[in-house]
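Read the structure below first, then the notes.
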Amino acid sequence: MIRRFAVFLLLLGLGAIFADLLLGYTPSEELNLTARYYAEHTAQDLGAANIVTAIVVTYRGLDTLGEVTVLFLTATIIGMVLARGRKHRALQRQLPAAGELLTTGSRLLVPLILLLGVYVFVNGHLTPGGGFQGGAIVASAALLLLLTDPLKRFSHRLIAVMEAVSGLFFIGLGVLGLVYAGGFLDSRVLPNGAFGTLFSAGVMPIIYSFIGLKVGAEFTSMLTHLAETEQS
Amino acid sequence: MNTVLLSIGVLLAVAMIGVAWLTIRATRIATAMLAAGLVSLFASVLFLFLAAPDVAMTEAAIGSGLTTFLFFFVLGRVRGGQS
Amino acid sequence: MDWIAMATGFILILMGLYGALTNRNILRIIVSFSVANTGVNLVLVAVGYMRGRTAPILDEAVPMTDAVTRIIDPLPQALVLTAIVIGLGVTALMLTYAYKLYEEKGTLDISKCRDLKW
Amino acid sequence: MVSPLYIIAVGLGAAFLLGLLPEKWQRAAYGVTLLALALMGWIAGSWLWAFALQGAAPVEIFTAGTQPPFAINFRVGLAEASLALLMALTGLHAALYMRDTLFKQGRRAMAVLLIFVMATCGVIFTRDLFNLFVFMELVVISTGGLVLLSADRRALGAGLKYLIVSQLVSILMLVGMVFAYHATGTLNIDGMAAAQADLFKGGALAFFLMLMAVLAELKPFPANGWGLDIYESAHPAFAALFSAATGAATVYAADKLLLIGGAQWLPLASAIGIVTFVVANIFALVQDNDRRLLGYSSIAQVGLILTVIGQRDLLGEQYYFVAGGILLAHAVAKAGLFWLSGLVAARGLGDWAALRGHPVLVFAFVTFIALLVGLPPFPGFYAKWELAHALAANGQLWLLGLILFGALLEAAYLFRWFGYVLKREQPQAGLLLQAIKEDVALSAVVVAWLLAYLWGELSGQGNLLHAIPLLFALLFLPLDWLPAKLKNGLAIAGLVGWFYLHYPSYDALQLIFAAVMLPGGAIILLASFQTQQRRVGFYPAAMLMFAGLAMLIEAKTSFAFFAAWELLTVGSYFLILRGKHSEPHALSYIVFSLGGAFLMLAGFALAAQGVPDFKIAALAQVAEPFAPWVFALLAIGFMTKTAAVGVHIWLPGAHAEAETDVSPLVSGILLKAGLFGLFVLLMTMGKQQLYGVELTHVMLWIGAISALIGNLLAIFQEDAKRLLAYSSIGQMGYALFGLAMMNHLGWLMALMFVINHYIYKSMLFLSVGGVAKRTGTRDMYRMGGLITLMPLSFIATLIGIIAVSGVPPLSGFGGRWIFYNAIMTAEYRLPMVIIFLAGPIAFLYLFRLIHTIFLGQLKDELRTVKEAPFWIVLPQMIFVVALLVFALIPGMALRHVDAYLAPFFGGQNGLDWAGLTITSEFGYWSPVSIMLIIGVIFATLFAWLLFVNRRAQPVKQFNIVFAGERPFRPETTHFAWNFFAPYRKALGFLTQPLVTIFWETLTELLHSAADILRRMYTGNGQTYAIHLLAFVIIVYLLWMGGL
């Protein structure tokens, strides 16, 4: 009870800080310096229609690399934690079979979901969405498969290789930018191409695709590791 | 800013706070998790209104989708974990 | 709209923290934090929002030349994207920890996990 | 040079590559890990090379081919490059150290390690706020993974606590950041710093939240329970990383962030830092788990660095020198200690005694402790010096005081720990030696000494590692395998040689002190020929003390003086610690000495007022209002060494428990360092008044009381060496009194005491030590009748006590004579009475030495006792001769000194030295005739005694003993037991150990306060999160409320 009261009081203090921020907030009428630069230059310099994507992939590509690394780390640590002390006797529990409807449905849906995921990340530079969203969609296909058959095992090897290869390509493209263009992760390694088309914005769509693959692989890895805990 | 949009916004906000209340005070953990996912889903709708489609998609896919699944995965493994 | 979102965001943060700091069950703590994270994302996006403007995606509706006057600040959105993913990463990691702790101790009560102190 | 981005690329690329390798290829994966870390280190190292040696300018590195505010940029300069090198090297060492664990956990663990190191480098390089956040999150998450490499199951809980706290941190950070962005329109750190005004118009709160988030990662008090848990439970190699790498990276992040805030936020950083520093050190006092102790110490050190960051503007150009010195010293020492902790099997502090069998590891341990405490010649010493001067010059005296107080606490628990290592019983568990782990730990020792050299070069004060005395002392470390006799010869040659080469350049005062300390030390060292075998550790310690003394005498600047002072303190501490039961006494010695040294540091800093290269002679020019304070601080510092009453409690134990040949070293010689300091002080600063009180007058009283109390305490001792130790307190009281009289004869008498006290106290300690060695006890009532068995020791003791007590004909009388002359020229009635009273008391205890040890009946069990070993007797005989010579012709030394002192007192000699008699305005003293007269009296009495003794009838022992009853404690029936019981009844109230009680109560209070307060660390992760929130709110209320 004391704890609740103390927390309440402290949060009241934090609330006061927040209230202060809220009341002191004046929405800006004009784009600030940074945003104006993005609005003016993104399309010309990088050839990307989706400015958020241009920021995520190129201007702040290093953040994104870090972000992908966060997922990689999480997936790796989860694998490490759950591998630790896992008993090796594979206890095959008999589970009730998933319903016919679900099984058939997932067979039908999985390819479609995968296709959607790929579409989302390949078009990241043109439309909303991109690697992360696409990756999550790809992972949801895996999730669906896991739901229909809880004992299903994905090849860890395949996931790991996909994770590693896409990660390496991401870095490799970044380094290419460093060598052949203006800096690390500069997307202008390839020509910008025609604005608004699929093959435009330099290597941006390629990078975003690798991000998508990597994120998908990492999510899948997390999910399968957690799913396999059933074994023990 | 038209009133319809504004009232939808207020409605969403109220809904979110209500559901968030459920998250922190629900008796069953499963309810709390579901509520947290719902908060996230409402938020992604709000993001759309805030002209942030990228964020909306991400929040929907990752925040409310994957996260909630992760929660339930673990919940299933720890069988409630209530002491 | 931005005011509503921002206020809601702040309230969600406070509620989430309240939940995280008063619930003893580790899973509930994690769930509460995810609510708080959602709140943070709302605040972030709300700060980038500008009335009467559209999403920072150039197409026929928003031509390149009008971009400066038509679109909202894209940067906070990019930040939120990253924040969401990082949030997921941390959440997943905490969940794994919770699972492992449960395996070791048979409980998820955080006040029972006090082997290290002083 | 390769872009630092490659550090990121290599780290990440290798981590991803590990995923491609088959699970079985452990070796390949490990190879890739090592290679990547080495490559990262090489890149950082090449930049460091360019900046440090080729003077390259800092470089901005753009990403995405776009200018900074719009894209993320890195910056690499000297600080970044050296920190990145630190990260990569500690990472590489961690990988080497954890080889077994990494092999067991597989490539995943290696990938996490790589990402950890990469992320810490990112934190250092990036100039973008959000990017900083991303890298910090990576550090947090990889910490969450690496914590689990521990064999300790509790690490899981610690990791979870950390994640909970970091959630809170990231919420604060993000909210703050977006509002800061809103206010300034940029995320670039430099851009924000440029737009500072906008930021604070838009709400300082945004910055406040960010600052709190970054500071929270620095584990400020009270929001640091989670950090301690990680330190305690993590794998030692990771704890080393967490302390060295994470600590350094986060500190640098805080530094960058404060750049945005600007000057007005610096005091906040200092305040948080200093509170953390002091409180963490207090809590560490009661800690018995080694890793948790190191955790507290890490938190404290980072707090100190934060304090320094807060003083950035004040330090100016010295900022990187000071902050970098403390930071690197902390990182290397902490990493080294954590690595060592992996070699020790059990977790108690006492379990480290297992190191004792391995001198190299003990050396490593002591290096790390010295590095951490900031003893010369390590970087922390130079840094502390500069810091103290900057603070004192700018009136930040409270801060300086708190820093020194915290540093003293830290030294206390670290040296206590070192005492355990050398003195505690070796535990069963012992060591877990593994060649690679040992090598990793020892590499930190190498780095420590390299840093010491580097900081010496950079200091602008002269590199201590170029000082020949110090090098000579250090030379004995590699020579420690030689037999002791050989080393002893070398040591004596060194002392005499140094004196021979340098004495022409000394003035009279220096000459007297140098003669006592160097050739004087050599004579005492003759006694050391007596020891067999190797005597590991003795010579480096002894020579370190002598090096300090040699450097002290020649010191021209305050820096050289202070450095010499610290060296001699540390050396003598090691010497004292060698005694069998001296662990607690050595600790109290070092704590008091360092406390005194810190006061001196403060005094010098206050005196210099920012003047670089402050000359000792310039003390004379220190003006009001500083002068009296400088005087007081320095005087207390010196009086700590001379064991004036109030700060004397370390002395009896330290001197009594020391080895036979060490007691004379620390009593006969070491105490003189304090007198030397007082001489220098009084000669330069003269009389000072504080609040209308004449400070020398206070000293006079202290001297008188010391003389009285020291002598009084001495008479009630049963332990012969302890008696002599207390006697030293009294003797030093006389000297202090003489000095404080501030007249010519007073000073002359003090100088005479320097010589006399050295001779007779060394002699007495040696003879009593010889007796104790032969009889196996130091309790006087267990001895008796040794005159026939140990005649030479008897003669030495006899001569010694005659000299001490100041009766004619020996030099002690000369001292008294000058003394009484001096008093008569001054107007100090009451203290004069006290000091007169102290005289006869001295005779009471001295008489016991002869009476109880050498006269009376011989004990049965002592019948086979032989004379003390030759090498112990030899120096005593030399001293006997010296005393006689000095008694005959005191003018030999003193007339020069008299002439030297003359200019201070109007140019006249105090005494007339014509011929063999010495004349003052009150009378004359003719040593030769006195000697003759006394000789005649003595011969007559002796003949009569012999005549009388002829008819003496021996009585059988035990013929009337006990009357058939066996007493409960047989020794109480001995006539010498509690010999002065009547006096104890009369004067005992004066000997009540009030001072001891005072210091003990103070320590006790600190300890119990620490023990109660640290219970706020309940172990509950949620509570820790609440602590963090409370920290934020409290700082908000205190700081923003007043802003």
Side-chain angles (χ1 to χ4, degrees), chain A residues 3 6-7 9-11 13-14 16-18 20-21 24-26 28 32-35 37-38 41 45 58-63 65-67 69-70 72-74 76-77 79-81 83-84 157 160-161 163-168 170-172 174-175 177-178 181-188, chain D residues 3 5-6 8-9 12-13 15-20 22 61-66 69-72 105-106 108-109 111-112 115 118-119 122 126 128 130-131 134-135 137-138 141-142 144-145 148 175 179 181-182 184-187 202-203 205-206 208-209 1022-1023 1026 1029-1030 1032-1033 1036-1037:
Chain A
R3 166 174 302 247
V7 170
L9 273 187
L10 290 173
L11 287 177
L14 194 64
I17 298 178
F18 286 165
D20 210 346
L21 281 175
Y25 174 75
T26 39
S28 32
N32 62 35
L33 180 77
T34 313
Y37 178 90
Y38 291 142
H41 291 76
D45 293 359
T58 301
Y59 293 123
R60 307 192 63 87
L62 211 55
D63 280 350
L65 186 57
E67 184 181 352
T69 313
V70 166
F72 172 76
L73 254 184
T74 313
T76 309
I77 296 171
M80 211 165 88
V81 174
R84 197 167 78 147
R157 188 85 204 113
V161 167
E163 223 177 331
V165 168
S166 44
L168 284 172
F170 187 2
I171 296 173
V175 172
L178 193 60
F184 192 65
L185 284 170
D186 194 340
S187 62
R188 286 162 288 196
Chain D
S3 165
L5 279 163
Y6 280 104
I8 308 295
L12 268 182
F16 292 156
L17 188 67
L18 289 178
L20 275 180
I61 285 136
F62 301 154
T63 67
T66 309
F70 315 117
I72 295 165
Q105 298 281 350
R108 291 200 183 98
V112 177
I115 291 177
M118 180 282 296
T126 189
D128 185 276
F130 191 76
N131 198 232
V134 171
F135 278 123
E137 284 295 305
L138 276 173
I141 296 173
S142 47
L148 296 175
V175 171
F179 279 95
Y181 167 74
H182 181 72
T184 58
T186 172
L187 278 174
L205 274 177
F208 171 77
L209 289 178
Q1022 205 173 29
T1023 312
I1026 295 175
L1029 192 59
V1032 174
I1033 301 302
Y1036 169 69
L1037 293 179

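Chain letters run A, B, ... following the sequence lines, proteins first and then strands; every chain starts at 1.
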Report which part of [X] has an atom under 4.5 Å of a heavy atom belonging to chain A: side chain, backbone, both, or neither.
| X | result |
| --- | --- |
| D:Thr126 | neither |
| D:Ile1026 | both |
| D:Ala1030 | both |
| D:Phe70 | both |
| D:Leu138 | both |
| D:Ala15 | both |
| D:Leu20 | both |

Do [X] and [Y] make a side-chain contact, defined as non-hydrogen atoms from C-beta onward lying under 4.5 Å apart?
| X | Y | value |
| --- | --- | --- |
| D:Thr186 | A:Leu33 | no |
| A:Thr34 | D:Leu187 | no |
| A:Phe184 | D:Ile61 | no |
| D:Asp128 | A:Leu62 | no |
| A:Asp186 | D:Thr63 | no |
| A:Tyr37 | D:Thr66 | yes |
| D:Phe208 | A:Asp20 | no |

[X] and [Y]: which non-hydrogen atoms are nearest, and at how many Å?
| X | Y | value |
| --- | --- | --- |
| A:Ser28 | D:His182 | OG-CE1, 3.6 Å |
| A:Tyr38 | D:Ala71 | OH-N, 4.4 Å |
| D:Phe130 | A:Asp63 | CD2-OD2, 3.0 Å |
| A:Arg60 | D:Ile72 | CA-CD1, 3.8 Å |
| A:Arg157 | D:Pro22 | NH2-N, 4.0 Å |
| D:Gly19 | A:Ala160 | O-CB, 3.9 Å |

Could you state the interatomic distance from OH (D:Tyr6) to CD1 (A:Ile171), rounded to the nearest 0.5 Å?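 Rounded to the nearest 0.5 Å, the OH-CD1 separation comes out at 12.0 Å.
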
Contacting moiety of [X], where chain D heavy atoms sit under 4.5 Å:
| X | value |
| --- | --- |
| A:Phe18 | side chain |
| A:Leu14 | both |
| A:Glu67 | backbone |
| A:Ser187 | neither |
| A:Ala6 | neither |
| A:Leu178 | side chain |

Best-contacting candidate, A:Val175, A:Val70, A:Thr69, against chain D by heavy atom pairs under 4.5 angstrom: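 Heavy-atom pairs under 4.5 Å are most numerous for A:Thr69.
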
When only pairs under 4.5 Å are counted, which of A:Val165, A:Ile77, A:Ile17, A:Thr76 shares the most heavy-atom pairs with chain D?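 Among the listed options, the one with the most contacts to chain D is A:Ile17.
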
Mind checking what makes salt bridge (Lys or Arg N to Asp or Glu O under 4.0 Å) contact with A:Asp45, not counting sequence neighbours?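 So A:Asp45 forms no salt bridge (Lys or Arg N to Asp or Glu O under 4.0 Å) with any residue.
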
Kindly indicate, with the supporting measurements, whether the criterion side-chain contact (heavy atoms from CB on, under 4.5 Å) is fulfilled by A:Phe72 and D:Leu12. CA-CA 10 Å; A:Phe72 172 76; D:Leu12 268 182; 5.8 Å; no

Taking side chain to side chain donor-acceptor pair (under 3.5 Å) as the definition, give me every residue that meets it alongside D:Gln1022, ordered by chain and number, with sequence neighbours left out.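 A:Arg3.
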
Could you have a look at D:Ile8, D:Val134, D:Leu18 and say which one has the most heavy-atom pairs with chain A under 4.5 angstrom?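 It is D:Val134.
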
When D:Thr184, D:Asn131, D:Val175 are compared by non-hydrogen pairs under 4.5 Å with chain A, the top option: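 If we count pairs closer than 4.5 Å to chain A, D:Asn131 comes out on top.
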
